[in-house]
Amino acid sequence: MNLSSLTRWLPFLAWPRPDRRLLKGEFWAGMTVGLLLVPQGVAYAALAGMPLVTGIYASLIPALVAVLFSSSTRLGVGPTALTSLLIGAALTGLAEPGSAQWVALAAWMALLSGLLQLVMGLARFGWLLNLITSPVLSGFTQAAALLILGSQLRSLTGLRATDWGALWSTPSPGLFDLTAAAFGLGSLALLLLARRWRPHFPTAIVVVGAAGAASWALDYADAGGAVVGALPSGLPALYWPGALPWSSFSALVMPVLVVTLVSFLETASSAKVESQRSGAQWDENQDLIGQGLGKISSGLCGSFATSASFSRSAINLYAGAKSGWATLFAIALVLLVLLWLTPALYHVPQSVLAAVVVTAVTSLIRPAVLTRLWRVSHVEAVIGGVTFALTLATAPRMYWGVLAGLLMNLSHFLYLRLHPRIIEAGLHPDGSMRDRHLWQLPPLAPRLLALRMDAALDFASANALERRVTEHLAAHPQVLHLCLLAQSINRIDVTGVETFAQLLALMQSRGGTLHLSGLKLPVEQVLRQAGLLAPCAGLAMYRTDAEALQALQQLPQSGLEPGPMARV
């Protein structure tokens with residue numbers, strides 16, 4: 001096996017050979033991301049309903065596996081807000097958050113999602129991701145961000161009641177832990193200010209550390225305050241979640257599909273930015289393999305599904321990362337924390353973790369997105385709006401919003417394919433062929449119907465073309481010439497061939513002529529193989545529209561004098 005084939009399956013072999021200058025830059029980039037990984041990992045584990053230490057587990061081995069086997073080596077892989085929210089929402093009602101059963105189901109979600117991504121990557125099915133359009137993704141992301149904010153408000157503000165109803169029925173300051181609220185809201189304010197003035201500084205770890213020190217000094221944990229608590233030290237052990245009952249599997253199918261889709265779309269948004277900066281082509285299939293293996297390794301560590309974080313990836317790029325070596329340094333820092341520094345997280349208030357999550361997702365809320373969509377396309381704006389509304393309405397089963405948006409988008413696409421743009425062409429004063437009814441142009445020639453269809457001649461569009469021709473001929477019995485301006489027809493299938501044969505037979509039965517202009521080679525080859533382009537009465541072909549126009553304008557005012565066959 002040569003080196004190029006080997007690096008295709010083992011992309012890390014193509015990393016630049018390390019030297020002192022490279023490693024120095026990669027070290028500082030890795031430290032910057034690593035300092036952000038730890039607090040976010042713990043916070044996102046809480047969002048997913050998992051034991052907090054699993055957020056650190058998900059930032060260690062899965063990140064290592066993903067960077068070794070992905071083509072995009074500068075992505076910040078680990079827990080993310082959207083994926084964590086989807087996991088927490090999917091498992092609600094199936095188990096108690098943080099319980100052994102909850103952990104087992106979350107691990108199965110990581111294993112199934114990773115296996116699906118791995119198979120898609122090996123089968124080169126990365127193109128399937130193009131089915132999710134920007135309006136669907138935007139609508140889902142906006143709704144998910146609001147749901148994340150709503151899920152964190154209770155911890156952020158220190159609300160002691162189990163729901164907000166108690167606050168509305170009997171409002172009282174006693175319902176709040178004011179110390180927790182001070183920690184949470186103060187941390188949120190610092191994080192938002194730092195994001196505005198120092199967006200690429202790892203403020204999260206500084207705020208978390210300072211809050212933990214203040215909490216220890218105030219004996220907040222001993223006073224009954226909600227803190228992170230004791231986290232186990234050491235590497236994660238190999239974990240197998242046990243057999244998955246059929247009832248649980250059926251309940252996880254849709255969430256696994258959505259996690260697979262959303263997590264890789266997060267990866268795609270980051271990977272495209274990296275490929276644009278590096279000038280290299282993005283290999284989505286290899287990234288599917290890398291991300292899939294990362295999820296599988298996360299499940300086998302007893303953790304939850306990972307993804308590529310757009311914010312951490314952006315920080316990694318901004319910090320000057322050149323390769324996967326930066327990610328290795330970030331992982332080394334996480335390993336250091338996991339082995340020796342987890343006791344330092346004991347006193348960190350949980351309201352501070354909520355502030356970390358809220359800060360991360362506020363960047364996802366962009367109300368102007370739907371307004372911009374409306375200006376571009378009313379239909380796609382409606383699709384985005386319906387996706388947004390259904391995601392909110394069906395929470396915690398948020399996958400119905402994505403599914404509805406996907407079906408609406410595919411239906412819109414199919415409608416456009418079934419209703420192609422077909423115009424009757426006329427000669428514009430600038431010499432171009434345009435819609436003669438829109439521009440109020442005269443016919444190209446007497447007793448002629450000249451059509452241009454901006455679509456492939458296939459099963460979706462063939463009926464529309466046939467109907468347009470037959471309706472016009474029925475309304476104008478004097479028409480003896482049909483000209484198809486075929487330069488916009490790139491493909492033809494069996495249904496298109498049959499429709500072409502019917503149009504040719506129709507014109508011949510009327511004693512008329514079917515004129516073909518600018519027929520492209522792939523279409524011509526199919527029609528010749530079908531025996532429909534043999535020289536015969538009633539068929540004329542022209543290489544260009546100019547040649548066709550010259551011949552058509554010489555047609556007599558009455559009667560029929562078919563021109564000779566012209567070579568395409």
Side-chain angles (χ1 to χ4, degrees), residues 420-457 461-462 464-492 496-497 499-528 530-568:
R421 182 172 182 258
I422 303 175
I423 67 167
E424 182 178 353
L427 183 62
H428 193 270
D430 65 6
S432 62
M433 295 285 194
R434 301 194 183 185
D435 187 337
R436 83 174 192 86
H437 297 290
L438 178 64
W439 295 91
Q440 299 181 354
L441 304 173
L444 292 178
R447 311 181 73 176
L448 168 73
L449 173 62
L451 296 180
R452 188 187 75 209
M453 182 175 69
D454 298 331
L457 184 54
S461 61
L465 177 63
E466 182 181 6
R467 184 172 62 251
R468 175 67 181 271
V469 172
T470 54
E471 288 178 354
H472 186 90
L473 294 182
H476 303 83
Q478 75 278 12
V479 172
L480 294 176
H481 299 275
L482 171 63
C483 179
L484 295 181
L485 304 173
Q487 286 187 344
S488 57
I489 300 177
N490 298 315
R491 189 178 64 84
I492 189 171
V497 170
T499 299
F500 180 87
Q502 292 170 1
L503 294 179
L504 178 59
L506 177 62
M507 297 311 299
Q508 289 173 336
S509 68
R510 295 169 64 95
T513 303
L514 174 61
H515 303 262
L516 292 177
S517 172
L519 198 63
K520 291 189 174 179
L521 184 59
V523 180
E524 179 195 357
Q525 289 175 334
V526 173
L527 291 175
R528 287 196 184 281
L532 295 176
L533 295 185
C536 63
L539 179 64
M541 296 174 60
Y542 313 96
R543 183 182 298 276
T544 65
D545 288 348
E547 183 181 343
L549 183 61
Q550 183 179 6
L552 293 173
Q553 289 179 338
Q554 295 176 0
L555 292 175
Q557 296 291 327
S558 62
L560 178 65
E561 296 180 7
M565 288 285 290
R567 182 180 177 85
V568 177

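Index from 1, following the sequence.
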Is atom CD of Gln550 surrounded by more than 12 heavy atoms (other residues, nucleotides or ligands) closer than 6.0 Å?
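Counting other residues, nucleotides and ligands, CD of Gln550 stays at 12 neighbours or fewer.
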Counting only heavy atoms not in Gln440, do more than 12 sit closer than 6.0 Å to its CD atom?
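Not buried by this count: 12 neighbours or fewer within 6.0 Å.
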What's the shortest heavy-atom distance between [X] and [Y], and which atoms?
{"X": "Pro477", "Y": "Arg510", "value": "O-NH2, 2.9 Å"}
{"X": "Arg452", "Y": "Ser488", "value": "CG-OG, 3.7 Å"}
{"X": "Ala455", "Y": "Pro420", "value": "CB-CB, 3.7 Å"}
{"X": "Leu506", "Y": "Leu473", "value": "CD2-CD1, 3.5 Å"}
{"X": "Leu444", "Y": "Ala450", "value": "CD1-CB, 3.6 Å"}
{"X": "Cys483", "Y": "Leu552", "value": "SG-CD1, 3.8 Å"}

Who pairs with His437 by ring-ring contact (aromatic ring centres under 6.0 Å, His included), at least two apart in sequence or on another chain?
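His437 satisfies ring-ring contact (aromatic ring centres under 6.0 Å, His included) with no residue once adjacent residues are dropped.
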Is there a side-chain contact (heavy atoms from CB on, under 4.5 Å) between His472 and Leu451 once you walk through the steps?
CA-CA 11 Å; His472 186 90; Leu451 296 180; over 6 Å; no
Set of residues satisfying side chain to side chain donor-acceptor pair (under 3.5 Å) with respect to [X], sequence neighbours excluded:
{"X": "Arg468", "value": "none"}
{"X": "Asn490", "value": "Lys520"}
{"X": "His428", "value": "Asp430"}

Contacts of [X] that satisfy side-chain contact (heavy atoms from CB on, under 4.5 Å) - sequence neighbours left out:
{"X": "Arg491", "result": "Arg417, Ala456, Asp458, Asp493"}
{"X": "Val526", "result": "Ile492, Val497"}
{"X": "Arg436", "result": "Glu424, Leu441, Pro443"}
{"X": "Ala551", "result": "Tyr542"}

pair Val523-Leu457: side-chain heavy atoms closer than 4.5 Å
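SC-SC contact between Val523 and Leu457 ruled out.
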Please examine the side chains of His476 and Leu449, heavy atoms only from C-beta on, and report whether any two atoms are closer than 4.5 Å.
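No, side chains not in contact.
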Atom pair [atom1] ([X]) and [atom2] ([Y]), whose distance is rounded to the nearest 0.5 Å:
{"X": "Met541", "Y": "Ser517", "atom1": "CE", "atom2": "OG", "result": "10.0 Å"}
{"X": "Leu532", "Y": "Leu516", "atom1": "CG", "atom2": "CG", "result": "10.0 Å"}
{"X": "Leu549", "Y": "Glu547", "atom1": "CG", "atom2": "CD", "result": "11.0 Å"}
{"X": "Leu539", "Y": "Met507", "atom1": "CG", "atom2": "CE", "result": "11.0 Å"}

Only one of Leu533, Leu484, Leu485 passes side chain to side chain contact (heavy atoms under 4.5 Å, CB included) with Leu519; say which it is.
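Of Leu533, Leu484, Leu485, side chain to side chain contact (heavy atoms under 4.5 Å, CB included) with Leu519 is met by Leu533 alone.
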Name all residues meeting the salt bridge (charged side-chain N to carboxylate O under 4.0 Å, His left out) criterion together with Asp435; count only those two or more places apart in sequence or in a different chain, and write none if there are none.
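Here no residue qualifies.
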